[in-house]
Each structure stands twice: as structure tokens, then as C-alpha cells.
Amino acid sequence: MNWVRAAAALVVIGSFWSGGVAAAQAEDDRPTITPVAQAESEVEDAEDVDFDKNQAGIDRARRILIAIAAVMTVALVAYWWHTIPSRRLRVATKRFADQRAIVHHVDPDDANA
């Protein structure tokens, strides 16, 4: 059971780490948001639009979403594996045999033979 808790802790730590890495990579290329004072006309000032900043923001959001998706996929696989009925029955049977062997002072490998 301790390894399950360790695996869960690793998943949580990995999610924070991957989110931090994605955010740290994009720290310097954050787009700036300024309020609009008046309604802008059509595309008269097309040279004022900084497409590199816009693309940097899109790339940062994409990296963060990919990191979240990867963490959620790992968590889903871990949950699915942990809740398979046949596996849970096998683990419960083994635990019961081990507990019974401890109570009766019998080696569990000899008891199953």
C-alpha cells in the first residue's frame, strides 16, 4: 500500500513540476494586456499588432494544456489500473491469506500448495 501512496505522490509532484516548467519557459514572452480606451476602426493600424507576442501567448497556453493533459492521462491510467476488479480480488485474496498465515503461524507459500 505504501508504494501506491508513493506513486500518487509522484503523480502530484510531477503535475506541479510539469506545470511549473511550462510556465517558467514562457515567463519572458508573456503578452501584455492593455485596456482599450476607445473603439478601434478597421485595420488601419495593422503595423501595431505584434503577432509574435500573440503567438507566444498561444504557445504558452498550448504547453500548459499539454502538461495538464499528460498529467490527467497518467492519473486516469493509474486509477483504471488500481480499480480493475480482478486485480483488487487477487490483492484482497493474497492479503487475506497472508493475514491468516500470520494468525496461524503458517508460511503463506506452503499453505497455498
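None of the values given here were measured: they were computed from a predicted structure. The basis for the numbers below is simple: all heavy atoms, side chains too, and nothing from hydrogens, waters or symmetry mates.
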query = Trp81: what forms a side-chain contact (heavy atoms from CB on, under 4.5 Å) with it, not counting sequence neighbours?
reply = Trp3, Ile84, Arg87

ask   = By salt bridge (Lys or Arg N to Asp or Glu O under 4.0 Å), which residues pair with Arg62, not counting sequence neighbours?
value = Asp59

Table please: side-chain donor-acceptor pairs of residues 65-80 below 3.5 Å, with sequence neighbours left out.
| from | atom 1 | to | atom 2 | distance (Å) |
| --- | --- | --- | --- | --- |
| Thr73 | OG1 | Ala69 | O | 2.7 |

